[in-house]
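All values reported here derive from a predicted model rather than from experimental measurement. In each ligand, atom 1 is the first atom listed, and ligand 1 is the first ligand listed.
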Amino acid sequence: MRQYLDLCQRIVDEGVWVTNERTGKRCLTVINADLNYRVDLNQLPLITTRKSYWKAAIAELLGYLRGYSSAADFRALGAPTWDANANENQAWLNNPHRRGTDDMGRVYGVQGRAWAKPDGGTVDQLRKVVDNLSKGLDDRGEIISFYNPGEFDYGCLRPCMHTHNFSLLGDTLYLTSYQRSCDVPLGLNFNQVQVFTLLALMAQITGHKPGIAYHKIVNAHIYEDQLQLMRDVQLKREPFASPQLRINPDIKSLEDLETWVTLDDFAVEGYQCHPPIQYPFSV
Ligand SMILES: Nc1nc(=O)c2c([nH]1)NC[C@@H]1CN(c3ccc(C(=O)N[C@@H](CCC(=O)O)C(=O)O)cc3)CN21
Ligand SMILES: O=c1ccn([C@H]2C[C@H](O)[C@@H](COP(=O)(O)O)O2)c(=O)[nH]1
């Protein structure tokens with residue numbers, strides 16, 4: 001939690017105003033942040049200086065792992081977070097590749113599970129990584145990349161967390177995740193939970209101990225309409241100790257994640273937090 005607050009404070013103290021054309025808003029911005037999460041100690045990096053809706057964050061992650069491309073599928077899992085990008089962004093509404101209401105196009109999980117090959121076939125990046133790690137194999141290329149510039153026109157948003165790189169050292173699994181753009185008040189409170197949970201889940205289904213998750217962010221920003229709440233409300237609060245994440249031990253394979261797993265298979269224990277803060281969302 002400290003590293004999150006330190007990053008927020010750094011943006012407030014040292015951030016530079018940058019005008020973002022896509023949203024038409026100014027963002028207070030810093031470049032480069034390195035966060036890490038102790039999955040080995042089960043210290044869930046859940047924000048405690050406001051109420052965090054961790055279930056939606058895990059639902060989003062499950063949707064990515066399943067390769068979903070419809071905001072309706074995310075909603076059904078418990079994450080209404082893609083509704084605005086799928087249905088309210090004018091550039092995407094005008095895009096001829098958009099296939100009706102709720103379509104997000106070829107973003108995130110679609111690239112992770114069905115990266116298009118020139119011969120018409122597809123690559124399932126996640127399956128390959130799970131298969132290798134399950135055999136105890138790390139070929140130094142255990143990478144899932146959502147970043148496919150040739151298909152940016154076919155999706156509602158370029159992926160923000162774009163690469164997940166797994167590593168095995170003995171029987172311990174590590175994860176290094178890369179994020180190009182980060183809405184620190186809203187997005188990061190989800191992304192931290194997602195990076196942590198991704199390592200915990202992958203360790204569980206491939207039969208390894210989880211180690212540390214490293215989260216590398218390039219452009220970390222606070223939108224101008226979020227700044228006052230962050231500076232004068234959230235940053236004035238004292239954090240509580242990290243809670244713990246419980247995952248149903250019956251989840252043993254990628255097929256389990258694809259078929260029967262729901263949010264009921266996840267629980268957070270010992271979560272003490274300050275009251276909610278509603279930050280404005282920029283589409
Ligand atoms: N501007 C922007 N920021 C983001 O963080 C973001 C995007 N766009 N577009 C794509 C996804 C969608 N994500 C989202 C979308 C909404 C919330 C959000 O509204 N969170 C609220 C309430 C969530 C709830 O009630 O379930 C929050 O207080 O955290 C968070 C992340 C993260 N991403
Ligand atoms: O997982 C996510 C997804 C999105 N975001 C934020 C970061 C930016 O504020 C916007 C995306 O805008 P771009 O113009 O494509 O950079 O969404 C996030 O923080 N986390």
Worksheet item: Okay, side chain of D256, backbone of K252: is any donor-acceptor separation there less than 3.5 Å?
Response: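 Present.
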Worksheet item: Is the backbone N or O of K128 less than 3.5 Å from a side-chain atom of D131, with the two atoms forming a donor-acceptor pair by type?
Response: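 No; zero donor-acceptor contacts below 3.5 Å.
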Does ligand 2 have any atom sitting under 4.0 Å from a heavy atom of [X]?
{"X": "R158", "value": "yes"}
{"X": "Y64", "value": "no"}
{"X": "F190", "value": "no"}
{"X": "E60", "value": "no"}

Discussion item. Ring centres under 6.0 Å, that's the criterion: do F166 and H164 meet it?
Written reply: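 Ring centroids of F166 and H164 are no less than 6.0 Å from each other.
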Have [X] and [Y] got a donor and an acceptor in their side chains that come within less than 3.5 Å?
{"X": "N165", "Y": "T176", "result": "no"}
{"X": "H274", "Y": "T49", "result": "no"}
{"X": "R246", "Y": "Q244", "result": "yes"}

Anything under 30° is parallel, anything over 60° is perpendicular, the rest tilted; go ahead and classify [X] against [Y].
{"X": "F74", "Y": "W82", "answer": "tilted"}
{"X": "F152", "Y": "Y147", "answer": "perpendicular"}
{"X": "Y64", "Y": "F146", "answer": "tilted"}

Taking 4.0 angstrom as the limit and counting only heavy atoms of [X], give me the atoms of ligand 2 inside it, by number and element.
{"X": "R22", "result": "10 (C), 11 (C), 12 (O), 13 (P), 14 (O), 15 (O)"}
{"X": "Q179", "result": "18 (C), 19 (O), 20 (N)"}
{"X": "Y223", "result": "8 (C), 9 (O), 10 (C)"}

Worksheet item: Step by step, would you call K51 with Y53 a side-chain contact (heavy atoms from CB on, under 4.5 Å)?
Response: CA-CA 7 Å; K51 186 170 189 217; Y53 301 90; 4.1 Å; yes
Side chain, backbone, both or neither: [X] near ligand 2, heavy atoms under 4.0 Å:
{"X": "T23", "answer": "neither"}
{"X": "R180", "answer": "side chain"}
{"X": "S181", "answer": "both"}
{"X": "Y108", "answer": "side chain"}
{"X": "L157", "answer": "side chain"}
{"X": "Q194", "answer": "neither"}

Discussion item. Which residue in the set L46, L35, V184 passes side-chain contact (heavy atoms from CB on, under 4.5 Å) when paired with Y4?
Written reply: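 Answer to the side-chain contact (heavy atoms from CB on, under 4.5 Å) test with Y4 among L46, L35, V184: V184.
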Worksheet item: Which protein heavy atom lies closest to atom 17 (O) of ligand 2, and at what distance to 0.1 Å?
Response: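 Of every protein heavy atom, C160 SG, 3.9 Å lies nearest to atom 17 (O) of ligand 2.
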Worksheet, complete the sentence: of all protein heavy atoms, closest to atom 19 (O) of ligand 2 is D183 N, 2.8 Å
Pairwise, report which nitrogen or oxygen atoms of ligand 1 are under 3.5 angstrom from protein nitrogen or oxygen atoms, and how far apart they are.
residue: ligand 1; atom: 1 (N); partner: D183; partner atom: OD2; Å: 3.4
residue: ligand 1; atom: 1 (N); partner: S282; partner atom: O; Å: 2.9
residue: ligand 1; atom: 3 (N); partner: D183; partner atom: OD2; Å: 2.7
residue: ligand 1; atom: 5 (O); partner: G187; partner atom: N; Å: 3.2
residue: ligand 1; atom: 9 (N); partner: N85; partner atom: OD1; Å: 2.7
residue: ligand 1; atom: 28 (O); partner: R50; partner atom: NH1; Å: 2.8
residue: ligand 1; atom: 29 (O); partner: R50; partner atom: NH2; Å: 3.3
residue: ligand 1; atom: 29 (O); partner: N189; partner atom: ND2; Å: 3.3

Practice prompt. Measure across M230 and I222 and return the closest heavy-atom pair with its distance rounded to 0.1 Å.
Written response: CG-CD1, 3.8 Å
Discussion item. Would R158 and E151 count as a salt bridge (charged side-chain N to carboxylate O under 4.0 Å, His left out) here? Give the steps.
Written reply: CA-CA 9 Å; R158 294 166 302 164; E151 295 198 347; over 6 Å; no
Discussion item. I want to confirm something. Looking only at heavy atoms, which of I217, L186, N191 is nearest to atom 18 (C) of ligand 2?
Written reply: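 Ranked by closest heavy atom to atom 18 (C) of ligand 2, first place is N191.
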Discussion item. One pair to check against salt bridge (charged side-chain N to carboxylate O under 4.0 Å, His left out): D225 and K25. What are the steps and the verdict?
Written reply: CA-CA 8 Å; D225 50 8; K25 290 189 189 170; 2.7 Å; yes
